[in-house]
Amino acid sequence: MRDVAKHGTEILQEPAFAYFWSATTIRAFGGAVAGVAFQVLIVTVLDANATEISVLAALSVVPYLFLGLIIGALMDRWRRQRTLIITTIGRALVLAAVPVLLLTNTLNFWTLAAVTLALGVLTLFADSAAQPLLPRIVPRKSLVAANARLGQSNTVAATAGPALGGLLLRLIGPAWLFAVDAVVNAVAAVLQSRIRVDEPRPAPRDTGSHIGRDIAEGMRFTYQHPTLRPLAFSVHVWFLGNSIVTTTFGVFALRHLDLPDWAFGVALAAGGVGGFLGAVIAPRIGTMLGAGRAILFGRALIVLPWLALALVPLSPATALALALPVVAAAQFVYGLAMGIEDTNDISYRQAVAPDEIQGRMNATIRTVNRVVFFVGALLTGGLMTWLGFAATLGIGAVVFAAAAAIVLFSPLRAARHDDAAEA
């Protein structure tokens, strides 16, 4: 396999990764499009109340809270490509059930809740298989280029997908929109089946080994490793900060600043542009600065937009011509920072962990991240009520700064992708 670490544009010329990237990209677009249809079903078709909306939102997180560590351990016991294909087919079947429920007038809160929970579990399986599978598809020295490509396409999907979903929803309606997403997942499963990857059967477990022991081994590896430990703690703190600012931002922009819907959409689109650019330049920054300093740069950069929104005296009386550029610029820098740090963060952890513990290491970090985000989002409501929007965004900026400080004062700061790839 060619050396593609220095030439990110060549990574798509590797057939195995091209199939993997294509399947991931169309799934991301399909998910973003279907997300619009889900919102329409919840609000207009079911006329759900606030409690029901909250329950449906929580069901997408619940699988991570209760199954994340278990599924991560299973990914070190099972064939990851096979798991990825089966769960993508499962998603296609579940999505195909929604048009049937709509056309037979059997869609209600409970059936949609079952669909949401099933999709959450299947997505958890798919994501838990995909992350540890990638180091098998490309050389570890090429992980930064590969993750940058995945980050770029995911950002475009997250930015353009909802707009495309809104258009398709108007043209064909929600039933056919879910049918389209089911077909998209079926095509993704075919592409995943075409991946040629050397994935040997996992080694047999010792007598008496059980899933709990595997989970504990994964947690010990993650939190005792000299550079993964600070990386994990830093990203946990980052997720706390992100839960605060993302929960606050929509209310801050739409209610406090009274931005019109179109202006709010422009600001979010600016974040998508920033995320795409960040993913484009992430490999170069990782090469120039090293993995640790690239992660530190992204962690530090993300403090600035939220600190600016906390300190700049914006109010409903602020002219839209002033408020919109400030908010859009904040979103752009926020997306830029995430694009830079995500690519380097994920690539480093994939490269530094042995294959036999990839599933558990990734699951440990991802599960704790989602627990932290869940708790942070709940606490943010109280912060906004007691302190106001600007102060809450300021607290988010301080938490982001703490995440950067963990990297700054740890061995992770000096880590390089080349060292991890050779480990």
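Throughout, residue positions are numbered sequentially from 1 according to the sequence presented.
- We find the CD1-CG distance between Ile295 and Asp342 to be 10.0 Å, quoted to the nearest 0.5 Å.
- With sequence neighbours excluded, no residue satisfies side chain to side chain contact (heavy atoms under 4.5 Å, CB included) with Ala363.
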Test log, rule side chain to side chain contact (heavy atoms under 4.5 Å, CB included), inputs Leu301 and Val333: CA-CA 8 Å; Leu301 182 62; Val333 177; 3.9 Å; yes
Trace of the side chain to side chain contact (heavy atoms under 4.5 Å, CB included) decision for Thr227 with Tyr348: CA-CA 10 Å; Thr227 53; Tyr348 181 77; 2.9 Å; yes
Starting from the C-alpha separation in whole Å, work towards a yes-or-no answer on side chain to side chain contact (heavy atoms under 4.5 Å, CB included) for Phe125 and Arg91. CA-CA 11 Å; Phe125 268 101; Arg91 281 179 55 86; over 6 Å; no
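- A donor-acceptor pair under 3.5 Å is absent between the side-chain atoms of Gln358 and the main chain of Leu133, judged by distance alone.
- When side chains are defined from C-beta on, Leu277 does not count as touching Val273, because their heavy atoms never get closer than 4.5 Å.
- Between the CZ atom in Phe17 and the OG atom in Ser142 there is a gap of 9.5 Å [rounded to 0.5 Å].
- Under the rule for a salt bridge (charged side-chain N to carboxylate O under 4.0 Å, His left out), the partners of Asp355 that lie at least two apart in sequence or sit in another chain are Arg80, Arg136.
- Judged purely by atom type and a 3.5 angstrom limit, Asp181 has no side-chain atom pairing as donor or acceptor with the backbone of Leu177.
- Judged by distance alone, with hydrogens and angles left aside, the side-chain atoms of Thr318 form a donor-acceptor pair with the main-chain N or O of Ser315 at under 3.5 Å.
- For the ring pair (Phe, Tyr, Trp, His ring centres under 6.0 Å) test, no residue two or more places apart in sequence or in another chain qualifies with Phe374.
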Atom pairs and distances, side-chain donor-acceptor, residues 379-394, under 3.5 Å, sequence neighbours left out:
{"unit_1": "Thr380", "atom_1": "OG1", "unit_2": "Gly376", "atom_2": "O", "d": "2.6"}
{"unit_1": "Thr385", "atom_1": "OG1", "unit_2": "Gly381", "atom_2": "O", "d": "2.9"}
{"unit_1": "Thr392", "atom_1": "OG1", "unit_2": "Leu383", "atom_2": "O", "d": "3.3"}
{"unit_1": "Thr392", "atom_1": "OG1", "unit_2": "Met384", "atom_2": "N", "d": "3.4"}
{"unit_1": "Thr392", "atom_1": "OG1", "unit_2": "Gly388", "atom_2": "O", "d": "2.7"}

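- Judged by distance alone, the side chain of Ser234 and the main-chain N or O of Ala403 form a donor-acceptor pair under 3.5 Å.
- By the 4.5 Å heavy-atom criterion applied to side chains, Val407 and Trp238 are not counted as neighbours.
- Residue Ala263 comes nearest to Leu324 through the heavy atom pair O-CD1, 3.4 Å, listed as atom of the first residue, atom of the second, then distance.
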Using the rule given for side chain to side chain contact (heavy atoms under 4.5 Å, CB included), can you reason through Val237 versus Ile406, listing the C-alpha separation, both sets of side-chain angles and the distance that settles it, and then say yes or no? CA-CA 9 Å; Val237 174; Ile406 293 173; 3.8 Å; yes
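- Side-chain atoms of Arg413 come within 3.5 Å of backbone atoms of Leu408 as a donor-acceptor pair (strictly under, hydrogens ignored).
- Every residue meeting the ring pair (Phe, Tyr, Trp, His ring centres under 6.0 Å) condition with Tyr334, not counting sequence neighbours, appears here in chain and number order: Trp306.
- Looking at Ser193, its side chain does come within 3.5 Å of a backbone N or O of Val190 through a donor-acceptor pair.
- The ring pair (Phe, Tyr, Trp, His ring centres under 6.0 Å) test applied to Phe264 returns Phe249, not counting sequence neighbours.
- Of the possible polar contacts, one joining the Ser347 side chain to the Leu143 backbone as a donor-acceptor pair under 3.5 Å is found.
- A 4.5 Å side-chain heavy-atom check between Asp76 and Asp214 finds every atom pair outside the cut-off.
- If you take CG on Leu150 and CD1 on Ile346, they are separated by 9.0 Å, rounding to the nearest 0.5 Å.
- Under the 4.5 Å side-chain criterion, counting only non-hydrogen atoms from C-beta, Arg299 is in contact with Val235.
- In this structure Arg27 satisfies the side chain to side chain donor-acceptor pair (under 3.5 Å) test with no other residue, sequence neighbours excluded.
- Annotation: side chain to side chain donor-acceptor pair (under 3.5 Å) contacts of Thr367 (sequence neighbours excluded): none.
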Show me the donor-acceptor pairs, under 3.5 Å and distance only, between side chains in residues 64-73 and residues at least two apart or in other chains.
{"unit_1": "Tyr64", "atom_1": "OH", "unit_2": "Asp127", "atom_2": "OD2", "d": "3.4"}

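- In this structure, the side chain to side chain donor-acceptor pair (under 3.5 Å) partners of Arg194, at least two apart in sequence or on a different chain, are Tyr19.
- Evaluation of the side chain to side chain donor-acceptor pair (under 3.5 Å) rule for Ser22 yields no partner, not counting sequence neighbours.
- In this pair, His236 and Tyr223 present their aromatic rings tilted. The plane angle is within the 30 to 60° band.
- Side-chain contact check for Phe20 versus Leu84: some heavy-atom pair is nearer than 4.5 Å.
- Interatomic distance, NE2 of His417 versus CG of Leu289, reported as 9.5 Å (0.5 Å rounding).
- Taking 4.5 Å as the limit, every side-chain heavy atom of Met75 sits out of range of all side-chain heavy atoms of Gln131.
- Rounding to the nearest 0.5 Å gives a distance of 8.5 Å between CZ of Arg77 and CZ of Arg360.
- Across all their heavy atoms, Leu41 and Pro174 have their closest contact at CD2-CB, 4.1 Å.
- Minimum heavy-atom separation, Gly272 to Thr159: CA-OG1, 3.1 Å.
- For the pair His225/Phe221, a side-chain contact is recorded, criterion being any heavy-atom separation below 4.5 Å from C-beta on.
- For Leu12 against Ala18, the heavy-atom pair with the smallest separation is O-CB, 3.4 Å.
- Gln192 contributes no side-chain N or O that, together with a main-chain N or O of Gln81, makes up a donor-acceptor pair within less than 3.5 Å.
- Atom CG of Asn369 is separated from atom CD1 of Ile365 by 7.0 Å, given to the nearest 0.5 angstrom.
- Nearest heavy atom pair, residue Ala186 against residue Ala92, reads N-CB, 3.9 Å.
- With contacts defined as side-chain heavy-atom distances shorter than 4.5 Å, the pair Val245/Pro305 does not qualify.
- With sequence neighbours excluded, the residues forming a ring pair (Phe, Tyr, Trp, His ring centres under 6.0 Å) with Phe252 are His256, listed by chain and number.
- Smallest separation of non-hydrogen atoms from Gln350 and Leu134: OE1-CD2, 3.8 Å.
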